[in-house]
Structure formats: C-alpha cells, structure tokens
Amino acid sequence: MPGLSGAMPNVDAMTPDTTPLPASGIQMPSELAMPQGIASTQPVGNSFASMLGNMVSEVNAQSAVSGQAVSALQSGQNVPLHHAVIAMEEANVSFQLMVEVRNRLLESYQEIMRMQV
C-alpha cells in the first residue's frame with residue numbers, strides 16, 4: 001500500500017530498549033519491564049503466613065494508636081476530640097476487615113475440606 005507508508009512511522013527507527021521475555025524470543029520494552037513509580041510492596045520470598053502476620057500486626061498497631069489517642073484525650077492533653085474519634089474508627093474498620101478476611105479464609109478452607117478427591 002503505497003499511500004500508507006508516509007502515514008505510518010518507521011517501526012525500525014523506533015527501537016526502544018528491550019528485554020527478552022523468558023522462554024520466548026519476544027522483546028518487551030524496558031519501560032514495561034518495571035514501570036516507574038510502582039514499587040514492589042512485598043519481597044519475592046514473602047509467604048502468605050507472613051502477609052497475614054503483617055496484617056494482624058498493623059491492626060494491632062492501629063488499635064494501640066487509638067488507645068493512646070483516647071488516653072491522651074482523657075488525661076487532658078491537647079488532643080482534639082475528632083482526632084481521637086477518627087483513630088478509634090480507623091482501628092474499628094481495620095479490625096472488621098481483618099475479621100472478614102479470617103471468615104473468608106475459614107470458608108475457603110472448609111470448602112476445600114468438603115471436596116472429594
């Protein structure tokens with residue numbers, strides 16, 4: 001098609017840095033290999049048990065922060081009431097989320113145990 005050669009860019013002239021995909025000869029642009037601004041939140045060797053442990057410890061930390069805010073409010077320190085209430089609600093919501101995750105995990109485990117092999 002002679003009319004389209006001017007409208008389409010020369011693909012050979014646009015060769016970005018590429019990295020080969022495993023088990024294939026396909027080249028992936030390096031911009032897509034590890035996008036900028038997106039950091040890995042978990043190490044590669046992180047297990048499911050450690051992820052759950054981290055979640056429980058974060059909920060515990062939020063509960064402790066909430067308790068400290070309430071204690072500071074009760075002792076007359078300069079803590080606004082709304083800050084203490086927000087801290088309590090954040091701790092409450094994170095605890096409810098943790099309970100729901102636990103319930104879903106138990107339901108999944110029970111479903112797996114009901115499966116016949």
Side-chain angles (χ1 to χ4, degrees):
M1 299 183 158
L4 292 179
S5 63
M8 297 193 60
N10 186 358
V11 178
D12 294 331
M14 300 175 10
T15 55
D17 297 333
T18 58
T19 56
L21 292 176
S24 72
I26 300 173
Q27 297 290 320
M28 179 173 59
S30 62
E31 296 89 28
L32 298 178
M34 181 52 112
Q36 300 295 335
I38 299 176
S40 175
T41 58
Q42 298 177 4
V44 175
N46 203 0
S47 69
F48 184 70
S50 65
M51 182 188 70
L52 287 177
N54 289 340
M55 185 176 87
V56 170
S57 65
E58 288 175 11
V59 169
N60 187 36
Q62 282 187 330
S63 177
V65 167
S66 169
Q68 289 173 353
V70 170
S71 295
L73 182 66
Q74 290 174 342
S75 67
Q77 295 178 8
N78 191 13
V79 175
L81 175 64
H82 66 277
H83 284 225
V85 172
I86 289 172
M88 288 180 358
E89 283 302 311
E90 285 178 349
N92 185 25
V93 168
S94 62
F95 182 77
Q96 289 176 354
L97 175 65
M98 183 183 68
V99 168
E100 285 300 315
V101 167
R102 181 205 61 142
N103 291 343
R104 294 287 174 107
L105 286 172
L106 284 175
E107 289 173 11
S108 300
Y109 174 76
Q110 290 170 351
E111 183 69 27
I112 289 171
M113 294 309 291
R114 282 190 291 253
M115 287 183 183
Q116 293 184 6
V117 181

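- A pairwise comparison of heavy atoms in Asn46 and Met51 identifies OD1-N, 4.3 Å as the closest pair.
- In this structure, Ala91 and Ser94 approach most closely via the heavy-atom pair O-OG, 3.0 Å.
- Note on Val56: it clusters hydrophobically with Val101, by side-chain heavy-atom contacts below 4.5 Å among ILVMFWY residues.
- Remark: side-chain polar atoms of Ser75 are paired, donor with acceptor, to backbone N or O of Ser71 under 3.5 angstrom.
- Interatomic distance, CZ of Arg114 versus CD of Glu111, reported as 4.5 Å (0.5 Å rounding).
- Leu81 and Leu73 make their closest contact through CD1-CD2, 3.5 Å (heavy atoms, listed as atom of the first residue, atom of the second, distance).
- Summarising the geometry, atom CE belonging to Met88 is positioned 14.0 Å from atom NE2 belonging to His83; distances are rounded to the nearest 0.5 Å.
- The closest side-chain heavy-atom distance from Phe48 to Leu105 is below 4.5 Å.
- Judged by distance alone, the side chain of Ser66 and the main-chain N or O of Gln62 form no donor-acceptor pair under 3.5 Å.
- Under the 4.5 Å side-chain heavy-atom criterion for Ile, Leu, Val, Met, Phe, Trp and Tyr, Leu52 and Val99 are members of the same hydrophobic cluster.
- Going from atom CG of Asn60 over to atom CD of Glu58 covers 11.0 Å, rounded to the nearest 0.5 Å.
- Looking only at side-chain heavy atoms (C-beta outward), Leu97 and Val59 stay at 4.5 Å or farther from each other.
- Once rounded to the nearest 0.5 Å, the distance linking CD of Gln110 with CE of Met115 reads 13.0 Å.
- How far CD of Glu90 is from OG of Ser63: 12.0 Å, rounded to the nearest 0.5 Å.
- Atoms NE2 and CD, on His82 and Glu89 in that order, are 14.0 Å from each other to the nearest 0.5 Å.
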